[in-house]
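Quick notes on the structure that follows.
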Amino acid sequence: MKIISLTEDSKREVQDQLLKRNPDQYREYEKTVLEILEEVRTKKDAALFKYSRQFDHCSLDFSTIRVSQEEIEEAYASMDETFLSILEEAKHRIEAFHKKQVQQSWFDIKKDGSILGQKITPMERVGVYVPGGKAAYPSSVLMNILPAKVAKVGKIIMVTPPLADGKVNPKTLAAAKIAGVTEIYKVGGAQAIGAMAFGTESVPKVDKIVGPGNIFVALAKKAVYGHVSIDSIAGPSEILVLADAFANPSYVAADLLSQAEHDELASAICITDSMELAKKVSMEVEKTIEKLSRKEIILKSIQQYGCILVANNMEEAIMTANEIASEHLEIMTKNPFEVMTKIKHAGAIFLGEYSSEPLGDYYAGPNHVLPTNGTAKFFSPLCVDDFIKKSSIISYSQSALKAVHKEIEYFAMKEGLSAHAHSIAVRFMEEEERNNE
């Protein structure tokens, strides 16, 4: 694994390299995505069935596009009891964490007769995209659906690509049953995003679309934003490990590799103030890769987007970590909680050598849908707030408005909006005319 001395130039090169992974860099696919979306918008189900034949090599129609309850029960029954119990426990932990995020409506009643407040309303219908095919990620099913359930969303519509035989991966369906999804449809890719954004004869239109996908899914979500809300434009997975001389190099190497195996665009970076540790981590990475099943993917990921940056001190290392704003940030230092207080930008922060990143992927409870490509500087993990709307409440009595109406009218006239001023003033004109008689 490359070891690089941290300088302003090397830091800039690493950041520039990471930016190449941003979905915005793949504009050559935009035309295709827009064509698919337009066809789904105008031809609806007919377009979905066409693209299922073209991309999934699967023949579907109105009677088979929706996953039946029998298919769900069959998939659930095919799972071993150990896996089902683990899914149930993961569900419990994820729900427990997200219940702490629930907000309540509130009202502030003042003595002057005014009432201000905020009303919390769950979204009526949310769409969840789940990647399909041979790769199945039941953990993503739980992470995307359960916060919506906790938020009390009315209907949760899930879409996922079918296999060539017209079935859906059974692990995906088992997780969906446990999570409590409302409806499931056999459709993937940009066409699935279009179906949820515009609605078809089979697939209902939703208010918001969440969930990860390939570059076509990411670009489709970006294109339909405005017709519906979306969670974010997710890029490839990434991990950054902040480590000092006290870190265990085997643990650091293992955690870097855990993200590198996602795909060839995944990023795995270690920043340390110890050259000795850097060399040991590099050796562990090279040694461990040989034992792993996804060796070819990991090698390409490490070669293109992996490195160990050696800083002059931990303060410089922390500053660089904040500039990169990684999706996953592990802190393996002598005092990880002290270092954590200096972290400003990260999707999820893992503290100490026994808080390995996969703990967050599957079991701890916090959401694993996280901001990527530096967007942790302004985005947060998927949470209950993503599935609610907030409405402001304003109620003034006559006396409360009377006390401030002159100031509001003056403010409005300063903006040149006389109708705004009149809207307030008209409520006191009769009284003022009587007073002037």
Run the side-chain contact (heavy atoms from CB on, under 4.5 Å) check on Val339 and Leu242 step by step: do they pass?
CA-CA 9 Å; Val339 173; Leu242 264 179; 4.0 Å; yes

Least distance between heavy atoms, [X] atom then [Y] atom:
X	Y	value
Leu60	Pro162	CD1-CG, 4.2 Å
Ala253	Val281	CB-O, 4.0 Å
Ile156	Ala148	CD1-CB, 3.7 Å

Residues Lys119, Thr121; criterion side-chain hydrogen bond (donor to acceptor under 3.5 Å, both in side chains); working and verdict
CA-CA 6 Å; Lys119 183 176 182 292; Thr121 308; 3.1 Å; yes

Is it true that atom [atom1] of [X] has more than 12 heavy atoms of other residues, nucleotides or ligands lying nearer than 6.0 Å?
X	atom1	value
Phe411	CZ	no
Lys44	NZ	yes
Glu124	CD	no
Lys167	NZ	no
Lys43	NZ	no
Phe62	CZ	no

[Y] versus [X], side-chain donor and acceptor atoms under 3.5 Å:
X	Y	result
Glu71	Ser68	yes
Lys377	Thr375	no
Gln17	Lys20	yes
Tyr185	Glu183	yes
Asp385	Gln101	no
Gln259	Glu357	yes
Glu409	His405	yes
Tyr51	Glu39	yes
Ser258	Asp255	no
Ser139	Asp361	no
Asp9	Thr7	no

Determine whether [X] and [Y] make a side-chain contact, defined as any pair of heavy atoms from C-beta on separated by less than 4.5 Å.
X	Y	result
Met1	Leu256	yes
Ile120	Gln118	yes
Ile343	Ile331	yes
Met196	Lys221	no
Asp386	Lys208	yes
Val168	Val67	yes
Ser301	Asp263	no
Val224	Leu37	yes

How long is the span from the [atom1] atom in [X] to the [atom2] atom in [Y], to the nearest 0.5 Å?
X	Y	atom1	atom2	value
Lys186	Leu163	NZ	CG	10.0 Å
Ser326	His345	OG	NE2	13.0 Å
Leu18	Tyr305	CG	OH	8.5 Å
Asp207	Lys389	CG	NZ	8.0 Å
Ile233	Leu219	CD1	CG	7.5 Å
Ile115	Ile109	CD1	CD1	5.0 Å

State which residue, out of His262, Arg21, His328, fulfils the side chain to side chain donor-acceptor pair (under 3.5 Å) condition with Glu238.
Arg21

Under the side-chain hydrogen bond (donor to acceptor under 3.5 Å, both in side chains) criterion, do Glu73 and Gln69 qualify, and how do the steps go?
CA-CA 6 Å; Glu73 296 299 337; Gln69 191 60 40; 2.9 Å; yes

Could you walk me through whether Glu330 and Glu353 satisfy the side-chain contact (heavy atoms from CB on, under 4.5 Å) test, starting with their C-alpha distance in whole Å, then the side-chain angles of each, then the deciding distance to 0.1 Å, before giving a yes or no?
CA-CA 8 Å; Glu330 289 189 3; Glu353 62 181 10; over 6 Å; no

Let's go through Arg53 and Cys58 carefully: what are the C-alpha distance in whole Å and the side-chain angles of both, what is the deciding distance for side-chain contact (heavy atoms from CB on, under 4.5 Å) to 0.1 Å, and is it a yes or a no?
CA-CA 5 Å; Arg53 292 190 297 271; Cys58 171; over 6 Å; no

Where the side chain of Asp231 meets the backbone of Asn144, is there a donor-acceptor pair that is under 3.5 Å apart?
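No; zero donor-acceptor contacts below 3.5 Å.
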
